Amino acid sequence: MNSHLVPIATTEGTFTARFSATGLAGLEFPKAAPIPRRAHRSPQPDANLNPHRAPLPAPLARWRAVTARALAEALAGKAPQELPPLDLSVGTAFERRVWAALAGIPWGRTRTYGQIAAAIGRPRAARAVGRACGANPIPVLIPCHRVLGAGGRLGGFSAGLEWKRRLLAREKLPAAPAKM
DNA sequence: CCCTAGCGGTGCT
DNA sequence: AGCACCGCTAGGG
């Protein structure tokens, strides 16, 4: 898998972006501490983070900058102005349709799993939509956190509900603890 | 709140 | 083909 892992430091910790030849292919939440922690030795930049020694895509530096800015904006509670090209070639056809629908949810708005299901023409596949959301390789920028359960329930989140709550709060969205 | 039945996509056997 | 997962949902206590 020709891809480059690139750490992206934010106020919420260091994310890891994965870039393929065609764009941002993955984004991982900070591993342990939400608060960036200084290691004993100063962390090496991205020098050794390419497990496959793939040739460096020429636009990578720009993609990284765009990604870092978009992520910073998202975490600061602002709608990202520009996203890097997204490489969503990995998923199934169904998952890609779900992800495309997620990408269309405006900043500061939410949908339910059922609404996404209906939007992609599979009105009874709400549960499968939830599963596909969990497979979203680029959380935050592909806003799977804006998908809630029916009646405003929080629903689930692969990276932990704490993140979902936090991301929703950044967009001034009701934490929706109301269990109907 | 709980429980149940029904649902669809995915991956493993 | 079968089956066991699941970020679901509607309906009934």
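Worth knowing before you read on, the calculation uses all heavy atoms, side chains too, and leaves out hydrogens, waters and symmetry mates. Chain identifiers are assigned alphabetically (A, B, ...) following the order of the sequence lines, protein sequences preceding nucleic acid strands; residue numbering begins at 1 within each chain. Since this is a predicted model, take the numbers as computed values, not measurements.
Tested against A:Glu171, the residues A:Arg146, A:Lys164, A:Arg166 include a single salt bridge (charged side-chain N to carboxylate O under 4.0 Å, His left out) partner, A:Arg146. Between A:Val98 and the options A:Ile142, A:Ile120, A:Val147, A:Asn136, a side-chain contact (heavy atoms from CB on, under 4.5 Å) holds for only A:Ile120.
A single hydrophobic cluster is not seen to contain both A:Ile8 and A:Val66; linkage of ILVMFWY side chains at heavy-atom distances under 4.5 Å, directly or through other members, places them apart. A:Leu75 and A:Leu141 fall within the same hydrophobic cluster, where Ile, Leu, Val, Met, Phe, Trp and Tyr residues are linked whenever their side-chain heavy atoms come under 4.5 Å apart, directly or through other members.
Residues A:Arg122 and A:Arg127 each lie close to DNA chain B; by heavy-atom proximity, the contact nearer the 5' end of the strand is made by A:Arg127.
One atom, CZ of A:Phe94, and another, P of C:dC6, lie 17 Å apart when rounded to the nearest Å. To the nearest angstrom, P of C:dC8 lies 10 Å from CG of A:Leu161. In this structure, the CZ atom of A:Arg124 is 14 Å from the P atom of C:dA10, given to the nearest Å. Separating the CG atom of A:Asn136 from the P atom of C:dG7 is a distance of 14 Å, rounded to the nearest angstrom. Here B:dC7 presents its P atom at 18 Å from CD1 of A:Ile120, a figure rounded to the nearest Å. Remark: P of B:dG8 and CZ of A:Arg97 are 14 Å apart, rounded to the nearest angstrom. Between the CH2 atom of A:Trp163 and the P atom of C:dG7 there is a distance of 19 Å, given to the nearest Å. Rounded to whole angstrom, the span from the CG atom of A:Leu154 across to the C1' atom of C:dC8 amounts to 14 Å.
If you check C:dA10, B:dG8, C:dG7 against the side chain of A:Ala150, the one that comes closest is C:dA10. Distances were taken from every side-chain heavy atom of A:Cys144 (C-beta onward) to each of B:dC7, B:dG9, C:dG7; the shortest belongs to C:dG7.
A:Leu27 is not listed as a side-chain neighbour of A:Pro137, based on a closest heavy-atom distance of 4.5 Å or more.
Across all strands shown, A:Gly134 has heavy atoms under 4.0 Å from base atoms, whether or not it also approaches the sugar-phosphate. Residue A:Tyr113 is classed as a base contact, given a heavy-atom separation below 4.0 Å to a base. Among the heavy atoms of the strands lying under 4.0 Å from A:Ala128 is at least one base atom, whether or not backbone atoms are also near. A:Arg131 comes within 4.0 angstrom of a base, heavy atoms only.
Looking at DNA chain C, the stems built from 3 or more consecutive Watson-Crick or G-U wobble pairs, each pair with its key distances under 3.5 Å, are B:1-6 with C:8-13, B:8-13 with C:1-6.
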Intermediate values then yes/no, ring pair (Phe, Tyr, Trp, His ring centres under 6.0 Å), A:Phe157 and A:Trp163:
CA-CA 8 Å; A:Phe157 202 67; A:Trp163 273 111; 8.4 Å; no

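Atom P of C:dG7 sits at a distance of 22 Å from the matching atom of B:dG6, rounded to the whole Å.
The closest donor-acceptor contact from the side chain of A:Arg122 to the backbone of A:Ala117 lies at 3.5 Å or more, if one exists at all.
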